[in-house]
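First the proteins, then the strands, lettered A, B, ... as listed; each starts at 1.
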There are 2 protein chains.
Amino acid sequence: MSENQSQTIQDYLKHIYNLTENGTPANTSLLASQLGLKPGSVSEMVSRLSATEPPLVNYIKYQGVTLTTLGREMALRVIRRHRLIETFLVEVLGYSWDMVHEEACELEHVVTDIFEARIASVLGNPRFSPHGEPIPEVDLSMPAQFTTKLGSLLPGQKAIIQQVPDSDPELLRYLRTIAIVPQKELVVLNRSNFDGNLTLSLQGQSENIILGPVITKKIFVTIME
Amino acid sequence: MSENQSQTIQDYLKHIYNLTENGTPANTSLLASQLGLKPGSVSEMVSRLSATEPPLVNYIKYQGVTLTTLGREMALRVIRRHRLIETFLVEVLGYSWDMVHEEACELEHVVTDIFEARIASVLGNPRFSPHGEPIPEVDLSMPAQFTTKLGSLLPGQKAIIQQVPDSDPELLRYLRTIAIVPQKELVVLNRSNFDGNLTLSLQGQSENIILGPVITKKIFVTIME
DNA sequence: TAATAAATTTAGGATAACCTAAATAAATAA
DNA sequence: TTATTTATTTAGGTTATCCTAAATTTATTA
Ligand SMILES: [Mn+2]
Ligand SMILES: [Mn+2]
Ligand SMILES: [Mn+2]
Ligand SMILES: [Mn+2]
């Protein structure tokens, strides 16, 4: 029940999914840069995806692209595999969390339904990837996403890190060294009015950490008590 | 140190390796049928592989194709991955042995050196795949192959099954039901002069088994004492 | 609103792999 | 050895995916 779509198409759908989660259509140039392609190639491909029967995307020229129900299902299937594979690489094969995204992006297109089911089972049906990204269920329902950004916290607030961005290995190595990892508790000590820098006290760490808004905007937390 | 070759090329090299192990060049039509392609496509591709710099194969028109040293190395690298993956799928993910070949044939082209090293380590550097095929070492040296065919045994000889053909799921399921699996001991009770059928008594099995030469030619054993 | 800039699409081309069918070479049979 | 069959190669064509550069549309600025 699937596997008729190329790796190329699967990656398009995945990226369109991510770009349209906020409700706005995905635009050509961002898609192109994320996929490492030229805008012209993307225009051509999304027209094609919207012209297949049944169509995988809705596409209005110059307006952007969104997923059809089918396209969304296919995107979620790939995303489930991607995140399960990331978890598997860390938990079973001992990968560090900065090395799993790239490898998962290849494996996600070739593993079978059985492979997916087996690793899910071995891992105990995990709900989150090593970076804290929610893993779609078998029925492709997507768990509630985290919405509170670390960057939105005010001084005095306590929170638990839930999710960090997964695709920049260098950033991930840095976050690991400063102990910014899912489930870590923290308190905001200070917030700069000028540059939005946050001073954080992290559970079990003697040194405080100062992080700028470029990073804190991409980290999700839940607020405590 | 690799990964510049397409999946297509890797599969060509692997099949050429298998067909040339016996010392004779691989011919176009057999390659085509094994790869599921038309002979014309194979002619074109092997010319291409022999024309690259450095070349991956030696090719003489109408005479057949062999691997260069580089082509052989690349074939062995893929074969190592293939067999490690097969072992991993059985040992870690609980696959049955008839389902691993096909999945390994996809995964072998996308996993990284790190993945290969990790599963080798998790598995304790296994020397044989679930079907008993020898796994090339990290340095790509190929262990000694089994040479004695079950079909060559004479009545009264005792032997241990070592290797069965890996790519026919139906045959594998059958072999499993009749307990023809690596490390199983057996005695040849009878050999038919007419059709070459062997009657076998298998360790721990009450029923004897009769197998024709089409199968016994493809199963390798070591003779006991 | 007119002019300019930026984003997007379209046109024309390239490449890797495949295919079918015709042409050619090699192997086999008479 | 000649005729026939079989294997192989070659020629011409297709598809998916990408690219560059020109054309077009939309957005921004003055
Ligand atoms: Mn990821
Ligand atoms: Mn991918
Ligand atoms: Mn195999
Ligand atoms: Mn393969």
Over how many whole Å does the gap from [X] atom [atom1] to [N] atom [atom2] extend?
| X | N | atom1 | atom2 | answer |
| --- | --- | --- | --- | --- |
| B/Gln63 | D/dT8 | CD | C1' | 12 Å |
| A/Ile9 | D/dA16 | CD1 | C1' | 9 Å |
| A/Gln5 | D/dT17 | CD | C1' | 15 Å |
| B/Asp11 | C/dA16 | CG | P | 18 Å |

Does the side chain of [X] get closer than 4.0 angstrom to OP1 or OP2 of [N] through an N or O atom?
| X | N | value |
| --- | --- | --- |
| A/Thr28 | C/dT9 | yes |
| A/Asn27 | C/dT8 | yes |
| B/Ser6 | C/dA17 | yes |

Exercise for the section: Please find out if less than 6.0 Å separates the ring center of A/Tyr17 from that of A/Tyr12. Expected result: no
Problem - CG-CG distance between B/Asp168 and B/Leu175, expressed to the nearest 0.5 angstrom - result: 9.0 Å
Please tell me whether [X] and [Y] have a donor and an acceptor in their side chains that are separated by less than 3.5 angstrom.
| X | Y | value |
| --- | --- | --- |
| A/Tyr95 | A/Glu103 | yes |
| B/His101 | B/His131 | no |
| A/Gln145 | A/Glu133 | no |

Fill in the blank from the handout: Residues of residues 29-46 of chain A with a heavy atom under 4.0 Å from any atom of DNA chain C, listed by number, are A/Ser29, A/Pro39, A/Gly40, A/Ser43
Fill in the blank from the handout: Re C/dA30: Watson-Crick or G-U wobble partner, both distances kept under 3.5 Å, found to be D/dT1
Exercise for the section: Taking the side chain as every heavy atom from C-beta outward, state whether B/Thr52 and B/Gln5 have any atom pair closer than 4.5 Å. Expected result: no
Practice task
Locate the shortest heavy-atom distance separating A/Gln163 from A/Pro134; write the atom from each residue and the value.
Solution key: OE1-CD, 3.7 Å
Problem - Option from A/Arg80, A/Lys14, A/Gln7 for which side chain to side chain donor-acceptor pair (under 3.5 Å) with A/Glu108 holds - result: A/Lys14
Exercise for the section: Can you sort out which residues in residues 49-62 of chain B have a heavy atom within less than 4.0 Å of DNA chain D? Ascending by number, please. Expected result: B/Tyr59, B/Lys61, B/Tyr62
Completion exercise
Result for side-chain contact (heavy atoms from CB on, under 4.5 Å) between A/Asn197 and one of A/Ile215, A/Ile210, A/Thr216 points to A/Ile210
